[in-house]
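Comments concern the structure below.
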Amino acid sequence: MSVEEMHALGWDCLDVLFVTGDAYVDHSSFGSVLLARWLIHHGFRAGIVAQPRWDKPDDLLVMGRPRLFAGISAGALDSLLAHYTAFRKKRHDDAYTPGGKAGARPNRACLVYANLARRAFPGLPLALGGIEASLRRVSHYDFWTDSLRKPILMDAKADLLIWGMGEYATLEYARRLHKDEDTRGIPGTAWLDRLEQTPEGPRPAGLPPELAQTPAVPLPSHEDILADPVQLLVMTQALERQVHRLDAWAFQPVGDRALVLARPAPPLTTEEMDALYEIPFTRRPHPSYREPIPAAEMMRTSITSHRGCGGGCSFCSLALHQGRRISSRSEDSILAEARRLGQENMERGKGPVAISDVGGPTANMWQGYCALDRMHERGSANRTNPAPAQPRSQAGAEERNTGRCRRTSCCYPTICKFFTTPQGKHVGLLRSVAALPEVKQARIASGVRADLALRDAAALAAYTGEFTGGQLKVAPEHCAPGVLSLMRKPPLEVFEAFLASFIRQSKAAGREQYVVPYLLSGFPGCTDNDMRTLANWLRERNWNPRQTQCFIPTPGTIATAMFYCGKNEAGEDIYVARTDAQRLRQHGILMPGRSSAEGRRQDRPNRPDRQGKKAAAEKDATAGKRTAPGREHGEKRHNGNKTEHTAGSGRSRGTNRPDHPARPDRSRRTAEQHPPREAERARDGKTGRGSDRGPKTAKFPVPGRRA
């Protein structure tokens, strides 16, 4: 964070500088911090600039010019999703900022920060990363401007894009730059190349040798998608297959350029996961902050047991970012972290720690694996015998980095017979954590997959009776069969069977507990009648939703492509609630009071194509403000308005997690800050950070206009 801290480590300069839209918390859940620590673990000198001012590059110059490259990330969430609700209302909070206040990062943060880095360090290699860049790596639909945008690399003018979980690619990029080697072809990266015409069709002109002899996945061009929206769905399906099969690279023509996607980075092994999470994170915010950071408080007592999810839900970005394969830590590694948490808690005089969560995207997928992959790995091991000292990237990774399965989901339409989830071992892990003298109790707050839990009655009984802290999160999402099919979710009967078992086990354990189901409105293919079916289903059970999430078409998902083209995965026409009025109507079927309030604010439509320019200019005049270095940074965020209905006793409860706010956002502002305008303000010498509490109302740009 400062040159004094750098010198205290004995460093005269940095090798790599990370610029992030999140506050600096030394915790593994903060991506830029994790990557910086990972590089330091491997001998590189890495530093972080968190939430810099975006009107001038001074904050990036504090520790000097890095020797190798600058890594750019918007933070833990797409910056536009961080700033706006499903109805394009301005959010006032950001869980990844001191004080939880919004406004510490700009819209389209990757573009703004990349521009800052180019101004601060001319000629320095720039690498984009994080969820915003990862999901925008190819042409994508942008809900906030209702337009198709080109790959983010073209707008950011960066040298490389690291997509997915970036430990492998970031480390390899640093090593190659250090050795002055060609950086093209690193698994898990993307770059721009010249497009040339060949007898077989258009191809990248400068393909690295390691890709020339491997399978290729050609993607529809940007121009083809503009001409035929269905091609976005075709491309998203192809990209999903490319990510899962692990052995193919892909490319997309964009004008006279080609976006080249190397094969995916291999999932981390258990040994690598252990090494990564055994880095001695302090789990605390940087001491310069004067206000608490909500996300840091929420994550302080949680333990990540694994990453990846085999669900493959059509609305979820995990399939394209973390992947469907599960990378799990060992039991010893998790127990060691639990002991450290307890010891730190007792050193503060608070006694044994209550572990709020031991999980991942889906808690009961810990140590899950595909039996087909295991059989292939054993066959590959019999054919190859790499030297033990050889680097993983060259020793067996090529053989292991392939996939046999071609399903879009391990759990839909039914659970694959090869998808193995040892839930009994997971229960044993939780019991071992809870039995530690440093631990008061252990819970699973990250939720369980209902169809998997029903496969193991003993595990489900343990989840219910031993490790549920009053509420257990489950995601049925809907009850209408057609909508569930479009979501790639199991039928309603699965959730009802799970609910019956949960209630029965809770009564047997003598505990009053509730299921918190997540539900969606406005999903592509969901009609008003489908929402009435869901409302009736809830009413029959005396469930009263306090808040619900309206579907937000985030870049890169199958559901977003269906929203854009109006067709399902089979190419059949589906109804799409596209306008704010249609989405609000569906929202209001479950939440009449909330819908009325939103509707009153919609008297003057908030659609981007109906907005004037005057208010946007007024907002632009204040964008970019921030406090002086060393003072509190301001920002805060939540991830949509998740439905949280408590089930089991007929009563309704809501949660107040930072990413699931209990109160509706009452803001009337829908500002869209344009990076080009921010650059103009910087050149004009105007400074400051945008106020989220000012009286002015800023508007979105016209659809199709580049923001």
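Note that the structure is a prediction, hence the values are computed from the model and not measured.
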Pair K350-E438, salt bridge (charged side-chain N to carboxylate O under 4.0 Å, His left out): steps then yes or no: CA-CA 11 Å; K350 297 183 178 181; E438 299 88 353; over 6 Å; no

Aromatic plane relationship, F315 with F523 - under 30° parallel, 30 to 60° tilted, over 60° perpendicular: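 F523 vs F315 ring planes: perpendicular.
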
Parallel, tilted or perpendicular, as decided by the 30° and 60° cut-offs, for the rings of H42 and W38: perpendicular

Gap between atom CD1 of I355 and atom CD1 of I444 - 0.5 Å precision: 14.0 Å

Separation of H426 NE2 from L452 CG (nearest 0.5 Å): 12.0 Å

Return yes if a side-chain donor-acceptor contact under 3.5 Å exists between [X] and [Y], otherwise no.
X    : Y    : result
D357 : S302 : no
S506 : Q513 : yes
S330 : S333 : no
E132 : S79  : yes
S432 : E331 : yes
R325 : H244 : yes

Steps toward side-chain hydrogen bond (donor to acceptor under 3.5 Å, both in side chains) verdict (R307, T304): CA-CA 8 Å; R307 62 172 57 159; T304 299; over 6 Å; no

Any M273 side-chain heavy atom under 4.5 Å of S328 side chain: no

Ring centers of F30, Y96 separated by less than 6.0 Å: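 Yes.
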
R511 atom CZ, neighbour heavy-atom count above 12 within 6.0 Å: yes

Aromatic W249 / basic R263 pairing, under 6.0 angstrom, 45° off normal: no

